[in-house]
Amino acid sequence: MTVRTRFAPSPTGFLHIGGARTALFSWAYARRHGGKFILRIEDTDVARSTPQAVQAILDGMAWLKLQADEGPFYQMQRMERYRAVIGQMLQAGTAYYCYTSKEALEQLRAAQEERKEKPRYDGAWRPEPGKVLPPPPVGVEPVVRFKNPLSGEVAWQDQVKGRIAIDNSELDDFIIARADGTPTYNFCVVVDDWDMGITHVIRGDDHVNNTPRQINLLQALGAPLPLYAHLSMILGDDGQKLSKRHGAVSVMQYDEEGYLPEAVLNYLGRLGWSHGDDEIFSMEQFVAWFDLDHITASAAQFNTEKLNWLNAHYIKQADGARLLAETVRRLGMQGIVTQPTAELAQAVELYRDRAGNLNELATALRPFVVEPTIADELRAQHLTPVALQALQALRAALQDCAWDAAELGQAIKRTAAAQGLKMPQLAIPLRVALLGAPQSPSIDKLLQAMGREQVLARLQRLS
RNA sequence: GUCCCUAUCGUCUAGAGGCCUAGGACAACACCCUUUCACGGUGUGAACCGGGGUUCGAAUCCCCGUGGGGACGCCA
């Protein structure tokens with residue numbers, strides 16, 4: 001049996017971190033078993049679905065390089081198929097028309113809640129042998145309800161949570177088609193998973209409660225049952241539930257914030273899944289190791305600090321040309337138009353080990369591209385008359401110094417000694433003069449990367 | 001309210017009855033490296049939710065509490 005998994009987001013917003021992890025796990029499982037990963041857009045909620053959201057999801061998947069083998073399929077394009085199946089069910093008696101109005105339903109629910117009961121449909125229009133149904137009211141378009149079994153239990157072996165069983169008495173006859181004829185979520189999922197031959201349903205555990213309904217439907221249809229794996233949710237950094245107005249952000253925002261996709265992927269792969277003590281792994285390794293047995297059953301709190309650590313790691317590892325391109329692009333976003341020069345490439349190498357993210361890297365590299373402004377405070381503190389005099393002496397010494405880190409280091413040392421200064425007394429003002437900041441990588445390498453022309457010009461401008 | 005899921009350091013987790021004096025990682029702290037700041041290295045502190053069972057033996061199995069989460073839509 002070929003493994004077939006799917007990711008089935010509804011396009012009502014961006015692809016957020018929880019969705020991304022679900023997609024990653026589904027993708028990896030299919031890859032691991034030489035199967036197929038299918039992307040399906042669940043857009044039957046016409047009022048809330050937007051083409052922008054579809055695009056946002058596609059963009060997020062592309063950024064993470066989670067390639068679908070089939071799809072994207074759109075449920076709105078499968079209406080005919082859904083209608084046909086509903087027709088069959090009506091015919092077979094596994095579904096029926098219900099004329100209870102929305103308003104009546106709301107009253108029913110309110111009354112049940114009043115009595116501290118579980119709100120559910122009362123089965124008024126459910127046909128039973130010997131039962132006399134009321135005459136259909138005129139002018140009311142009926143909904144179609146699934147005739148759920150009344151007794152017994154529906155159970156499955158969840159691949160992450162173990163056996164889960166729910167009594168059919170807890171379930172009611174849910175609506176599979178609205179009054180306007182459009183099918184609803186639980187029904188579409190079932191038909192799609194069946195038609196698309198899905199073998200493993202890997203999804204968020206907010207769907208655990210839908211599973212028994214879907215299994216009953218599948219059985220009514222005579223369809224094979226897939227295996228289910230329900231992933232627990234991801235909580236925000238503060239332990240609170242992620243929601244649109246609290247902490248939930250698009251995966252694309254991680255790009256904007258300077259994260260490398262491989263860092264996000266590695267972080268997500270390790271969040272709620274483990275492979276012994278392994279923390280850092282490539283997608284190749286992840287695919288080779290990934291299994292359902294080591295998925296955590298409980299909710300996991302997102303930890304930005306750890307993501308940052310991974311991001312820093314991947315920045316250290318990244319290809320230099322790629323980092324240079326990212327730096328240029330991000331400087332552009334900061335309003336600084338520049339080119340990927342050899343000097344900038346050198347500077348990238350000098351700074352990559354100290355950057356937590358790509359935006360920090362770009363920001364640190366700004367002084368290599370545009371003249372920094374030196375804050376008055378720093379100027380007063382570091383560019384004292386003594387320091388300025390030493391810097392001019394250094395400028396003279398640098399005039400015809402070979403432009404190489406070792407030589408430059410010697411020149412700085414000699415100048416400091418000649419001026420009766422300790423190294424930091426010259427090096428710190430020099431940093432301030434060149435970068436507008438008192439900290440930097442080693443000063444000799446800094447000079448080398450910045451280039452003779454720029455260094456001398458900046459020193460000259462001080463006087 | 002009813003049903004379902006869940007519970008190991010602050011956080012992510014290892015742990016499938018003896019290998020656990022509970023391991024790793026992030027974060028924290030200390031020290032080392034260093035002309036600064038980082039990086040890096042070394043080290044320290046830090047956890048089995050509570051109560052009952054089962055067993056020679058329980059972080060691991062069972063039950064009951066408690067905490068956390070989810071569901072109960074003509075949303076997905």
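Within every chain, numbering begins at 1; the chains are lettered A, B, ... in the order of the sequence lines, protein sequences first and strands thereafter.
- Pairing partner, B/A30: B/U42, with both Watson-Crick or wobble hydrogen-bond distances short of 3.5 Å.
- When heavy atoms are screened at a 4.0 angstrom cut-off, A/Lys118 is found touching base atoms of the nucleic acid.
- As judged by a 4.0 angstrom heavy-atom cut-off over every strand, A/Lys316 is placed among residues touching the sugar-phosphate backbone only.
- Using a 30° and 60° split on the angle between ring planes, A/Tyr267 and A/Phe302 fall in the perpendicular class, above 60°.
- Rounded to a whole angstrom, the distance from the P atom of B/A76 to that of B/C39 is 49 Å.
- Between A/Ser440 and the phosphate of B/U36, there is no side-chain N or O to OP1/OP2 separation shorter than 4.0 Å.
- Not one side-chain nitrogen or oxygen of A/Ser232 sits closer than 4.0 Å to the OP1 or OP2 atom of B/U6.
- Distance, A/Asn186 CG to B/C72 P: 9 Å, rounded to whole Å.
- You'll find the ring centres of A/Phe37 and A/Phe7 outside the 6.0 Å limit.
- B/U2 atom P lies 18 Å from atom CG of A/Leu171, rounded to whole Å.
- Within the 4.0 angstrom heavy-atom criterion, only backbone atoms of the sugar-phosphate kind lie near A/Pro424; the bases stay farther away.
- With B/A76, B/U35, B/A14 as the candidates, the nucleotide lying closest to the side chain of A/Ala427 is B/U35.
- Taking 3.5 Å as the limit, the base of B/C75 and the side chain of A/Arg48 contain a donor-acceptor pair of atoms between them.
- For the pair A/Asn168 CG and B/C4 P, the computed distance is 13 Å after rounding to whole Å.
- Comparing A/Arg115 and A/Arg120 along RNA chain B, the residue whose closest nucleotide (by nearest heavy atom) sits nearer the 5' end is A/Arg115.
- One atom, CG of A/Asp122, and another, P of B/C72, lie 19 Å apart when rounded to the nearest Å.
- If you take CG of A/Asp353 and P of B/C39, they are 10 Å apart, rounded to a whole angstrom.
- Proximity of A/Tyr29 to A/Gln159: side-chain heavy atoms (C-beta onward) are nowhere separated by under 4.5 Å.
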